[in-house]
Structures are given as structure tokens and as C-alpha cells.
Protein chains: 2
Amino acid sequence: MGASARKHDVFQAIADPTRREVLRLLAEKERPISEISAHFPISRTAISKHLHILSEAELVRGKKAGRERIYQLQPEPLKELKQWLAYYEQFWDNKLQKLKYIVEEEIE
Amino acid sequence: MGASARKHDVFQAIADPTRREVLRLLAEKERPISEISAHFPISRTAISKHLHILSEAELVRGKKAGRERIYQLQPEPLKELKQWLAYYEQFWDNKLQKLKYIVEEEIE
DNA sequence: ATCATATATAACCTTTTGGTTTCATGTAAA
DNA sequence: TTTACATGAAACCAAAAGGTTATATATGAT
């Protein structure tokens with residue numbers, strides 16, 4: 001099998017608001033764990049676990065640098081989410097949206 | 001407060017694969033609970049709970065019809081997800097995607 | 001009226017989740 | 001070579017999630 005063998009998928013990874021906030025922080029720039037956890041009221045260990053879950057979903061990647069581990073955003077798996085969403089867009093569509101959808105299909 | 005006061009939000013609602021499958025079934029057509037639960041190996045009560053969660057997230061709506069309750073898809077809350085996603089699209093963008101993003105902004 | 005059907009609700013159980021504290025390890029700096 | 005720092009990992013905990021079975025209620029059919 002393939003990506004679906006992952007323990008934590010994208011849908012589950014982004015379900016938690018703390019993890020979404022972590023993603024937002026990493027979208028700005030790559031950061032070490034301590035810097036990330038400084039933005040939250042919870043422990044560094046808790047953030048570390050969230051990063052682990054995000055890692056499993058391949059939404060972030062950590063590279064070791066000295067005694068730190070720098071995490072960076074890895075947005076690719078969000079494409080799966082986008083694809084899932086695309087199916088439902090037809091249900092709230094107006095004409096411009098529909099046109100846009102057709103254009104997208106031709107691009108991809 | 002406002003919509004964010006909801007107990008279950010869209011992100012959490014779609015995190016569960018069973019609930020995503022329920023949404024897919026309701027995207028085809030509206031259905032009563034018994035018909036929905038016939039598609040799953042778990043109990044009708046379990047499905048009922050999933051529908052309750054989807055209801056809280058306003059992704060489905062149930063209307064009473066005789067002794068049945070017919071559920072239908074209510075896709076609007078997925079717009080929030082789309083908006084969230086749009087922010088991250090810039091990170092995997094190629095030029096065509098970027099152009100599309102600009103077009104979208106002008107439409108909405 | 002009685003019976004069957006469709007759902008609702010309650011009580012309960014197990015596993016997972018999100019958090020904690022404590023201790024260990026690797027690396028930088030004094 | 002100590003000492004400080006950044007992280008990793010283990011043990012533990014409470015609450016939430018996802019499921020069950022049993023019971024109650026409302027409505028359609030006989």
C-alpha cells in the first residue's frame with residue numbers, strides 16, 4: 001500500500017487548533033521547537049508531540065542543526081485535502097466558481 | 001463568540017473517515033438514517049452520533065418526515081476550510097496556480 | 001387498538017488524545 | 001571538563017471519541 005498506511009493522515013492532523021497554529025507559524029518561517037512552543041501556553045513536550053503528529057502526516061519536516069531541531073512546513077499533503085474539497089465545491093457553486101473549476105481541471 | 005462557539009467545528013467533523021463517507025453518501029442524495037447506516041458495518045446508533053456531530057458543524061441538516069429523519073448535505077461550512085487552505089496554496093504554487101489564486105480573489 | 005418501524009436517548013465500555021512531570025542524552029559554551 | 005541548554009522519551013493521567021446494548025417514544029400500517 002502507500003500513503004494511506006500512515007498512522008496520522010492530513011485530515012486528522014489539521015483537526016486540532018494547536019496544530020493548525022503550529023502550521024501557521026511554520027508557514028512564516030522555519031523554527032526550532034523551543035521557539036514554536038514559546039507561542040503556546042502548554043509545555044514544550046506537548047508541542048513536541050504535536051510536531052510528531054504533523055511529521056507523520058508529512059506536513060512538517062525537522063532537520064537537526066546542532067542541538068536544535070529546526071522544523072519547516074511541508075505543504076504537499078494539503079493537496080489531498082484540496083482534492084477532497086474540490087468534489088464538494090460543485091454544491092455551493094455559482095457560475096463563476098464553476099468556470100474557475102473547469103479552468104483548474106485544465107491546468108492540472 | 002459566534003460560529004466559533006460551536007462544540008464541533010468543520011475541521012474536527014471531517015477528521016473521521018466514517019463521517020467523510022457519510023458526507024459523500026449525502027452528496028449523492030438526501031437519505032434517512034437507516035439508509036445511511038446500511039452502508040456501514042457499525043450500529044445505527046453510532047451513525048446517529050456521527051450525524052449529530054456533522055449537524056453541530058452544520059455540514060448536514062435533518063428534516064423530519066413522518067417517522068423518518070431525512071438528512072441532507074449542507075456544504076457551506078466547507079468554505080471555511082477552503083479559505084484556510086487558500087493560504088497554504090501559495091507554498092506549493094507554480095505560476096498558473098498563482099494566476100488562478102489572483103483570479104479567485106477578484107471573484108470573491 | 002395493536003403492532004411494527006424509525007429514531008432518540010441513556011448508560012456503559014475501551015481506546016485515543018492531549019496534556020503533564022520526570023529523567024536521559026547530545027551538543028555548545030565557559 | 002563541567003555546566004547549561006535543547007530535545008527525546010517514558011510513565012502517567014483525565015477527558016473525549018467512538019463504539020456498544022437496552023430502553024423509550026413517535027408514527028405508520030393492520
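Of the candidates C:dG26, C:dG18, D:dG19, C:dG18 carries the atom nearest the A:His50 side chain, counting heavy atoms from C-beta on. Checking D:dG19, C:dT5, C:dA10 against the side-chain heavy atoms of B:Thr45 singles out C:dA10 as nearest. The side chain of B:Ala46 lies closest to D:dG19, out of D:dG19, D:dA6, C:dG19. The side chain of B:His8 approaches D:dA17 more closely than any other nucleotide in the set D:dA17, C:dG18, D:dG8. Checking C:dT17, C:dT27, D:dA17 against the side-chain heavy atoms of B:Gln12 singles out D:dA17 as nearest.
Inter-residue side-chain proximity for A:Leu78 and B:Trp84 is flagged as met; some heavy-atom pair is nearer than 4.5 Å.
In terms of position along DNA chain C, the nucleotide closest to B:Pro32 lies nearer the 5' end than the nucleotide closest to the other residue of the pair B:Pro32 and A:Asp16. Residue order along DNA chain C, read from the 5' end via each residue's closest nucleotide, puts A:Ala15 first among A:Ala15 and A:Gly66. Annotation: of the two residues near DNA chain D, A:Arg44 and B:Ile42, the 5′-most nearest-nucleotide partner is A:Arg44. Positionally, the nearest nucleotide of DNA chain D for A:Tyr71 lies more toward the 5' end than for the other of A:Tyr71 and A:Lys49.
Using a 4.0 Å heavy-atom cutoff across all strands shown, A:Ser34 reaches sugar-phosphate atoms only and no base atom. Residue contacts for A:Ser48: at a heavy-atom cut-off of 4.0 Å it reaches the sugar-phosphate backbone alone, with no base atom in range. Nucleic acid contact for B:Glu35: none, since no nucleic acid atom lies under 4.0 Å from a heavy atom of the residue.
Considering all non-hydrogen atoms of both residues, A:Ala13 and A:Arg19 come closest at O-NE, 2.7 Å.
OP1 and OP2 of D:dA6 both lie 4.0 Å or more from every side-chain N or O belonging to A:Arg69.
Using a cut-off of 4.0 Å between Lys/Arg side-chain N and Asp/Glu carboxylate O, B:Lys79 and B:Glu76 are scored as not salt-bridged.
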